[in-house]
Amino acid sequence: MDLVKYTRNQWDRIGAWLCVIGGAVALLVGYLGVSDTLNTGEQLPYVVSGGMLGLFLLGLGALLWLSADLRDEWRKLDAIDRHLLDTNRLPAPEGSAAEAAPSSEPNGRAVGREVSLR
Amino acid sequence: MNAAHPVGVAPSPWNARQRLVLAFLLAVGVVGLAAGYDGTSGTLRVGHQVVWIDVAGAALLVSGAGVVGFLTAGRRAIGRRRLALFGNVVDGEAVAAVATGLAAGDLVSAPTMTKYHRADCSFVAGKTGVVAASAAGHEQAGRRRCGVCLPGGDA
C-alpha cells in the first residue's frame with residue numbers, strides 16, 4: 001500500500017501510536033531521572049517532565065485512537081445513510097433540496113438532505 | 001442537540017466548537033505542564049516546587065476532562081445519529097408504501113393478510129400487493145382491523 005496514502009488515511013492512529021510511544025519514553029526518562037538522585041528538589045522536575053508529560057501523552061494517544069474509531073463509525077453511518085437514500089428507503093424532509101439535487105458526489109461531500117435527529 | 005444534521009457534510013461526529021474547546025483544554029494542559037516543569041526546575045526548594053507541581057497536576061486534570069468530554073460528545077452524537085437513521089428506516093418503509101399512491105391513513109391489506117391496517121402501519125411495511133379499500137370492504141372480505149395501528153380510530 002502507498003505509504004503516503006496510508007499515512008493520510010490513518011493519521012490519527014499513527015499519531016496515537018507516536019503519542020503512546022512518546023508517553024512511554026517520557027515515563028521511562030522520568031523514572032530514570034527520579035531514581036538517579038535522592039535529592040527531592042532534583043527529583044520533582046522529573047515528576048513533571050517525565051511522569052505528568054508521559055500521562056498527558058498517553059491520554060492524547062488514547063484520545064486519537066478512540067476518536068479514530070468514532071470517525072470510522074461515523075463514516076459507516078454515512079455510507080448506510082447514502083445507500084438508504086439512494087434506494088429511496090429514507091424519506092427526505094419536506095422542503096429540502098435533496099429531491100432536486102443529487103444525493104452525493106464521489107467525494108461524499110455534497111449531500112443536500114438532512115436527517116432529523118429525534 | 002436535537003437539530004438536524006447534514007449528512008455527508010460533517011466529516012466527523014464533532015462540530016467546530018467542540019474541536020475548539022478540546023484544542024483549548026489541551027493547550028491549557030501543555031502550557032500548565034511547561035509552566036510546571038519550568039517552575040520546578042528553576043529552584044531546589046521543595047516548598048516552592050510543590051506549587052508548580054500543583055499547577056501541572058491541575059493542567060493535566062483539565063486536559064483530561066477535555067479528552068473525556070470530547071469522546072463522550074462523539075459517542076453521543078453517533079448514538080443519536082444511529083437512532084435517527086434506523087428510526088428513519090422504519091419510517092422509510094412506511095413512506096415507501098405511501099409512495100405507491102396511498103395516504104398514511106388509508107386502510108390497506110394484502111391478499112394473504114387476515115387483517116387490514118393503516119398504510120403507515122409497520123405490519124404492512126414491505127408487503128407486496130397491498131391494496132386500499134374502505135373498512136366495510138375489508139370487513140366484507142373477512143378481514144379484521146389491526147389491533148396495533150387501529151385503522152379507523154380507537155372505536
Side-chain angles (χ1 to χ4, degrees), chain A residues 12 26 39-53 55-57 59-82 84-85 87-93 96 98 103-105 107-118, chain B residues 1-14 22 26 29-30 32-34 36-46 48-50 52-53 55-57 59-60 63-64 66-68 70-71 74-75 77-78 80-89 91-96 99:
Chain A
D12 32 21
N39 186 343
T40 308
E42 290 179 6
Q43 287 175 328
L44 286 180
Y46 284 104
V47 171
V48 176
S49 65
M52 290 189 179
L53 180 65
L55 289 179
F56 179 82
L57 289 174
L60 196 58
L63 166 72
L64 287 171
W65 191 272
L66 292 175
S67 65
D69 286 348
L70 292 179
R71 253 185 232 106
D72 283 351
E73 195 170 345
W74 187 262
R75 283 191 213 102
K76 187 79 175 176
L77 288 173
D78 247 359
I80 294 171
D81 202 342
R82 278 198 202 93
L84 293 175
L85 186 64
T87 54
N88 291 324
R89 289 173 62 93
L90 270 182
S96 77
S103 61
S104 62
E105 289 183 351
N107 62 7
R109 283 284 177 170
V111 178
R113 194 184 62 79
E114 290 187 344
V115 169
S116 62
L117 299 178
R118 294 174 293 175
Chain B
M1 184 176 72
N2 199 27
H5 186 89
V7 176
V9 172
S12 78
W14 301 280
L22 175 71
L26 287 178
V30 170
L33 285 174
Y37 174 72
D38 188 56
T40 52
S41 62
T43 178
L44 288 178
R45 287 173 52 202
V46 176
H48 184 72
Q49 287 175 321
V50 167
W52 291 106
I53 290 273
V55 169
L60 197 62
S63 58
V67 167
V68 170
F70 187 75
L71 291 175
R75 187 71 260 168
I78 285 177
R80 278 195 304 270
R81 186 171 181 196
R82 189 187 291 166
L83 186 66
L85 183 60
F86 296 122
N88 275 342
V89 172
D91 291 347
E93 289 172 348
V95 169

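Please read all numbers here as calculations on a predicted model, not as lab measurements.
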### Query
Got A/Y46 and B/T40 here, is their nearest side-chain heavy-atom distance under 4.5 Å?
no

### Task
Sort B/S41 into side chain, backbone, both or neither according to what part of it lies under 4.5 angstrom from a heavy atom of chain A.
both

### Query
So how far is it from A/L70 CG to B/I78 CD1, rounded to the nearest 0.5 Å?
4.5 Å

### Message
Please enumerate all residues that pass side chain to side chain contact (heavy atoms under 4.5 Å, CB included) together with B/V46, with sequence neighbours excluded.
### Response
A/T40, A/L44, B/Q49, B/V50

#### Entry: Closest non-hydrogen atom pair, B/Y37 against A/S49
CD1-CB, 3.4 Å

### Task
Could you tell me which portion of B/L60 (side chain, backbone, both or neither) has an atom closer than 4.5 angstrom to a non-hydrogen atom of chain A?
side chain

### Query
Looking at side-chain heavy atoms only, is the closest gap between A/L63 and B/F70 below 4.5 Å?
yes

### Task
Compare every heavy atom of A/M52 with every heavy atom of B/G57, then report the nearest pair and how far apart it is.
N-SD, 3.7 Å

### Query
Could you walk me through whether A/D78 and B/R81 pass the salt bridge (Lys or Arg N to Asp or Glu O under 4.0 Å) check?
CA-CA 10 Å; A/D78 247 359; B/R81 186 171 181 196; 2.5 Å; yes

### Message
Restricting to side chain to side chain donor-acceptor pair (under 3.5 Å), what partner residues turn up for B/D38, sequence neighbours left out?
### Response
none

### Query
Which bit of B/R45 comes within less than 4.5 Å of chain A, counting heavy atoms only: side chain, backbone, both or neither?
neither

### Query
Taking all atoms of both residues into account, what is the closest heavy-atom pair of B/A77 and A/W74, and its distance?
O-CZ3, 3.9 Å

### Query
chain A heavy atoms under 4.5 Å from B/L26: which part of the residue, side chain, backbone, both or neither?
both

### Query
Given side chains that start at C-beta, do those of B/R82 and A/K76 come closer than 4.5 Å, heavy atoms only?
no

